[in-house]
Amino acid sequence: MLPSDPAAHMEHSNHSHTHHTHHKHEASPAHHEHGADDQNSFNKHAGHHTHDFLKRFWICLAITVPILLLSEMIQHWTGFSIQFPGEQYILLILSSFIYFYGGSPFLKGMIAEIRGNAIGMMTLVAVAITVAFVYSVAVVFGLKGMDFFWELATLIDIMLLGHWLEMRSEMAASRSLQSLVELLPSTVHLESDNDTVTDISLDQLKNGDVLVIKPGEKIPADSVVIDGSSYVNESMLTGESKPVRKSKDNKVIAGSINGDGMLRVRATGTGKDSYLQKVITLVQQAQSAKSNTQNLADKVAKWLTIISILTGILTLAAWMLLKGDLAFALERMVTVMVTSCPHALGVAIPLVAAISTSKAAVNGLLIRNRTAFENSRKLTTIIFDKTGTLTHGSHEVQKVISLNDSYTDNEILQYAAAVQRHSEHYIGRGMQRELQNRKLDLWQSENFTYHQGMGVSGTVKNKQVIAAGPNYFRGKKKEIPVLQMPLDIERETISYILIDDQLAGIITLADTIRETSAHAIKRLKAAGIKTYLLTGDNEKIAASVADKLSMDGYFANVLPHEKREKLMFFQDKGEVVAMTGDGVNDAPALAQADVGIAVGSGTDVAAETADIILVNSDPEDVADLISYGRATYRKMVQNLFWAIGYNVVAIPLAAGILYPEFVLSPALGAVLMSLSTIIVAFNAQLLKLEKKS
């Protein structure tokens, strides 16, 4: 698998890190909407879908009308009367239907919470409606007092509507990426062996099929271009606003839109193997994973539920002592439980998490660890690997120089390319390209060995060949060879070629700084974050890049284990550190960092070790990450403040603290509770409008 393959970075396994642990989850196909509904409802509505709450709401609302007409309190308020023999039993039957049918999701939710030892908001609602129902039934059969049937009916109606609105908001956030799947073409143009083109359905497409993509069409599967040239719009998948030119051997992603050229492609990733599906799976995993902030909200919600039940019981006891009216005391108890139901608190964090994860993903930021993402707001220092991160990493060979009369320049290149043929490193890829440019044969090699941070070695034509940088000599405690020739050491990287332990030649390669690097560093500095360069390259190259980008400092000639040590040095000083890198060399440092960021063009190991993956390999996305992280945390704090603050005010009102000047009815309490949930959900949706800082 080529390291430039974006899909390569979506396959993750379990990794235990110094500061955090990643978990692997089973993926569910994106098009299974109901399965996704259940997964992303944050386990509060087990067994019920969004449309189920809406259907129950409309049916219960229709039955509520005759209940209101038959209720003594409503008749008293409106001044009309409907009386006939057995009316109270008709009222009981209608109300019983609403309790068992409309209240079913809450009653089932209570059972699930009790079994899971996680008493929460469903328990609170179920207890409240059960108390109201049982008391009202007792009144029908002779208990002195006034029934709660109309309050029970309106309460359940409002709770069903509130849950539907909540779940609808959750679904909108969690399905923002899945909607891309629905935009894939239903038919594709399949080219057969005899060059004829036939249309087949998307689900018939297999890996290896050759497809024709006409101008303006969506690409149905991850593919490799085998003929043609066009500009492809990948913005909805990677956040890259500019169309990307694609020609022979380039990869294209399912769901992207072809420009004005015709492409012939070979499918490499269909269905669940596609980059798009892996992104969706990764986002679902991130949305279902709980961060520290969400765990805090869950604990607060649990305690608020316990406090609400106890407050309800105390309210009942207090009003029985003060007023001696069981009906009034029960009404206050039910109102306390309904009004204080922590729905707003329950949706405050998960909804923000779902929206921020989806927004980040469509802007080229794939979040694997939610806690690390939230911690990005605390970052004080970001350490960048140089090659492939701040620079393009596509080193091109500048000079090939033989230092031994036994070998020509071309032979030096062939020995070097042969020993590098099994390496994913940018230097090896640069040598392979130069070999092709010179139309030279690629020799076979054996016994390939990768020396971390130093170079590679192997056997070529029965000779022991080493292609290495200056760190190789440092590691072997040898003097770095002195070269008597003009080299641009501020720009060029030198690879020393040793054949049978003798220096046979050198190959120099040069890299260029990414166009967005300078602006990314400027934005980070404006946010009060220090930036450092960390590289295995020599001092002059490191100093040149750090100076051009106005960074706070640099570390040159750094070996892989030393990269981790540099991070620990900052962490020991109390800094909150992020590491951004793309190679095997960076994996230990990415694991050590408080926030590990892998650029998407890097190796699998780097991506698997990181908390966040930058699909576009754009350093400016690091600045966007900080912006999204801070905006996400800000919304979470706002929602928590509202949800907790609402209950601080609402519970005393529900308990009757302002009686007799003001009495909060159970139905009005339910309205206020639902309204608080809607406000929190609306505030979370505003996250979509947040601008990059």
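For the numbers below, each heavy atom of this structure counts, side chains included, while hydrogens, waters and symmetry mates do not. By convention here, the first residue in the shown sequence is residue 1.
- Using a 3.5 Å distance cut-off with no hydrogens or angles, the side chains of E575 and T380 do pair a donor with an acceptor.
- Scanning all heavy atoms of the two residues, the minimum distance from S550 to I521 falls at O-CG2, 4.2 Å.
- In this structure a side-chain-to-backbone donor-acceptor pair under 3.5 Å is present from S445 to A418.
- A heavy-atom distance below 4.5 Å is found between the side chains of T580 and V622.
- Remark: side-chain polar atoms of S229 are not paired, donor with acceptor, to backbone N or O of S247 under 3.5 angstrom.
- Here the straight-line distance linking atom CE of M454 with atom NZ of K476 works out to 6.5 Å at 0.5 Å rounding.
- Applying the side-chain hydrogen bond (donor to acceptor under 3.5 Å, both in side chains) criterion to N557, with sequence neighbours excluded, gives no partner residue.
- K522 NZ: 12 or fewer foreign heavy atoms inside a 6.0 Å radius.
- Annotation: ring pair (Phe, Tyr, Trp, His ring centres under 6.0 Å) contacts of F448 (sequence neighbours excluded): H422.
- Between V577 and M568 there is no side-chain heavy-atom pair separated by less than 4.5 Å.
- A donor-acceptor pair under 3.5 Å links the side-chain atoms of K246 to the main chain of K251, judged by distance alone.
- Nearest approach of V419 to G458, heavy atoms of both residues: CG2-N, 3.2 Å.
- For S402, the side-chain contact (heavy atoms from CB on, under 4.5 Å) partners two or more places apart in sequence, or in a different chain, are Y407, D409, I412.
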For this session: Would you check, one step at a time, whether the test side-chain contact (heavy atoms from CB on, under 4.5 Å) holds for E396 with Q398?
Result: CA-CA 6 Å; E396 302 302 328; Q398 306 297 305; 4.0 Å; yes

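- With hydrogens and angles ignored, the 3.5 Å screen pairs a side-chain donor or acceptor of D500 with a backbone N or O of Q464.
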Problem set entry | Worked verdict on F373 versus L365 for side-chain contact (heavy atoms from CB on, under 4.5 Å) | CA-CA 10 Å; F373 171 60; L365 296 166; 5.9 Å; no

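- Between the CD1 atom in I367 and the CD1 atom in I613 there is a gap of 11.0 Å [rounded to 0.5 Å].
- A distance-only check finds a donor-acceptor pair linking the side chain of Q432 to the backbone of A417 [under 3.5 Å].
- Separating the CD1 atom in I383 from the CG atom in L590 is a distance of 11.0 Å, to the nearest 0.5 Å.
- T381 contributes no side-chain N or O that, together with a main-chain N or O of K530, makes up a donor-acceptor pair within less than 3.5 Å.
- Nearest approach of N471 to V558, heavy atoms of both residues: ND2-O, 3.9 Å.
- Considering every non-hydrogen atom in both V232 and S256, the closest pair reads CG1-OG, 3.4 Å.
- Atom-to-atom distance recorded for H519:NE2 and E620:CD is 5.5 Å, nearest 0.5 angstrom.
- Inter-residue side-chain proximity for D552 and K525 is flagged as met; some heavy-atom pair is nearer than 4.5 Å.
- For the pair D441/Q414, a side-chain contact is recorded, criterion being any heavy-atom separation below 4.5 Å from C-beta on.
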For this session: Please report the C-alpha distance between I597 and I382 in whole Å, then the side-chain angles of each, then the deciding distance to 0.1 Å, and finally whether the side-chain contact (heavy atoms from CB on, under 4.5 Å) criterion is met.
Result: CA-CA 10 Å; I597 305 168; I382 297 183; 5.5 Å; no

Problem set entry | Audit row: R438, E434, salt bridge (charged side-chain N to carboxylate O under 4.0 Å, His left out) steps and yes/no | CA-CA 6 Å; R438 297 192 182 197; E434 182 63 16; 2.8 Å; yes

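- Distance alone, capped at 3.5 Å, places no donor-acceptor pair between the S406 side chain and the N404 backbone.
- Between V265 and I219, every side-chain heavy-atom pair lies at or beyond the 4.5 Å cut-off.
- Residues V252 and N258 form no side-chain contact, since every pair of their non-hydrogen atoms from C-beta on lies 4.5 Å or further apart.
- Around the CZ atom of R266, the shell of radius 6.0 Å holds no more than 12 heavy atoms that belong to other residues, nucleotides or ligands.
- Listed by chain and number, the residues in a side-chain contact (heavy atoms from CB on, under 4.5 Å) with E539 are Y554, A556 (sequence neighbours excluded).
- Between the side chains of T408 and N410, not a single donor N or O lies within less than 3.5 Å of an accepting N or O.
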For this session: Step by step, work out the side-chain contact (heavy atoms from CB on, under 4.5 Å) result for R564 and M579.
Result: CA-CA 10 Å; R564 181 171 177 268; M579 173 70 193; over 6 Å; no

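- Here the CG-CG distance, from D385 to L390, works out to 8.0 Å after rounding to the nearest 0.5 Å.
- Taking the side chain as every heavy atom from C-beta outward, S544 and D547 never approach each other to under 4.5 Å.
- Scanning all heavy atoms of the two residues, the minimum distance from I257 to G216 falls at CG2-O, 3.9 Å.
- Among all heavy-atom pairs drawn from I466 and S457, the shortest one is CG1-CB, 3.8 Å.
- Checked against V352 for a side-chain contact (heavy atoms from CB on, under 4.5 Å), the options Q638, K635, R634 give a single hit: K635.
- With sequence neighbours excluded, no residue forms a side-chain contact (heavy atoms from CB on, under 4.5 Å) with K477.
- Using a 30° and 60° split on the angle between ring planes, Y496 and F473 fall in the perpendicular class, above 60°.
- Here the straight-line distance linking atom CG of L413 with atom CG of L442 works out to 10.0 Å at 0.5 Å rounding.
- In this view, I513 and T391, S517, V545, K548, L549 satisfy the side-chain contact (heavy atoms from CB on, under 4.5 Å) rule, not counting sequence neighbours.
- Between I494 and L483 the shortest side-chain heavy-atom distance falls below 4.5 Å.
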